[in-house]
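Heads up, the thing below is written out as structure tokens.
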2 protein chains.
Amino acid sequence: MGRGKIKIKRIENSTNRQVTFSKRRAGLVKKAREIGVLCDTEVGVVIFSSGGKLYDYCSPRTSLSRILEKYQTNSGKILWGEKHKNLSAEIDRVKKENDNMQIQLRHLKGEDLNSLQHRELIAIEEGLQNGQTNMREKQAVILTLPVAPELI
Amino acid sequence: MGRGKIKIKRIENSTNRQVTFSKRRAGLVKKAREIGVLCDTEVGVVIFSSGGKLYDYCSPRTSLSRILEKYQTNSGKILWGEKHKNLSAEIDRVKKENDNMQIQLRHLKGEDLNSLQHRELIAIEEGLQNGQTNMREKQAVILTLPVAPELI
DNA sequence: ACATCTATCTATAATGC
DNA sequence: TGCATTATAGATAGATG
């Protein structure tokens, strides 16, 4: 539409490309607004220029966020699959750490020892003894302090 | 554009509205495709008809998901609502649990005791002694077994 | 409700300043 | 470089089958 017909393919001249981008972006947003009003629909448009700049439009009385939420429930497509996967993976990882520590704690308390090898029991025993040694040293320090331990 | 000019306001006749919706939706998507190709940009469009039906377009070689990911990093707006928040919250919760157990373990090993109150030290000491008691009982059982402990 | 047609309106490519 | 103009291509409102 204009003085000459153009082929729909990337405009090589970067100046022309930029100019056309501005014009057509405005046009696209205008059309989006119009269909929204005329047909009483919700419309969202997101455009990234090749320079990475962001432009968007969305019908009044709603938000991209809300439109996309609807999009997901309607299409069944998950838009943020990757992000969610990452978060879920982190949860799994942390929970596993958690379980391991839980078990260690139990062992140190003398619980759930039945499934352990002798070697492992020895290690725990050593851990307990180290702990007590350290603890006694600490207590000793406290007892030699000139004030009551409760106030430390 | 057409036999007559129209005002940009909701089309009351529902048949006309539906027809216009189809036509303009096609037009909008075509424009989106064109600006994408001509200007080498990424474009995403989401439309909900008033009947709740979903239509969308997105440049080839990408996906709405990717476009929206970019949208978020560029705009700083968060598009995903509850789900994401819930996952984040769970991560926080689990990590906190994690930290607490980490600390307990350290304490039982006799580390990081300096910041503790006397009362807390006593509790830990008791824990250690319980642990050792339980441990000794366990060891005693093992020692009375008819096979070498290593093979258990 | 759906496809086709066409007169008319709109968007815009090229141009000029 | 960016805005205003204008001739033309493209989109589409209403009509018709």
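Just so we're on the same page: letters track the sequence lines, and every chain starts at 1. FYI, side chains are in, hydrogens and waters are out, and symmetry mates aren't considered; it's all heavy atoms of this structure.
Between B/I8 atom CD1 and C/dC9 atom P there is a gap of 14 Å when expressed in whole angstrom units. Computed from coordinates, the A/I35 CD1 to C/dT10 C1' distance equals 16 Å when rounded to whole Å.
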- Task: Any chance you could list the contact pattern along nucleotides 8-17 of chain D? Use B for base contacts, S for sugar-phosphate-only contacts and - for none, protein heavy atoms under 4.0 Å, 5' to 3'.
- Result: BBSBBBB---
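In plain terms, the two heavy atoms of B/R17 and A/C39 that are nearest each other are CG-CA, 3.6 Å. Nearest heavy-atom pair, B/V43 versus B/S59, reported as atom, atom and distance to 0.1 Å: N-OG, 2.6 Å.
Under a hydrophobic-cluster definition in which Ile, Leu, Val, Met, Phe, Trp and Tyr are linked whenever side-chain heavy atoms come within less than 4.5 Å, directly or via other members, A/F48 and A/I67 are assigned to the same cluster.
If you check every strand for non-hydrogen atoms under 4.0 Å, A/T15 touches nothing.
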- Query: How far apart are the C-alpha atoms of B/R66 and B/E42, what are their side-chain angles, what is the distance that settles it, and do they pass the salt bridge (charged side-chain N to carboxylate O under 4.0 Å, His left out) test?
  - Reply: CA-CA 10 Å; B/R66 229 176 305 171; B/E42 294 178 359; over 6 Å; no
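For the atom pair CD1 (B/I35) and CD1 (A/I47), the distance works out to 5.0 Å, reported to the nearest 0.5 Å.
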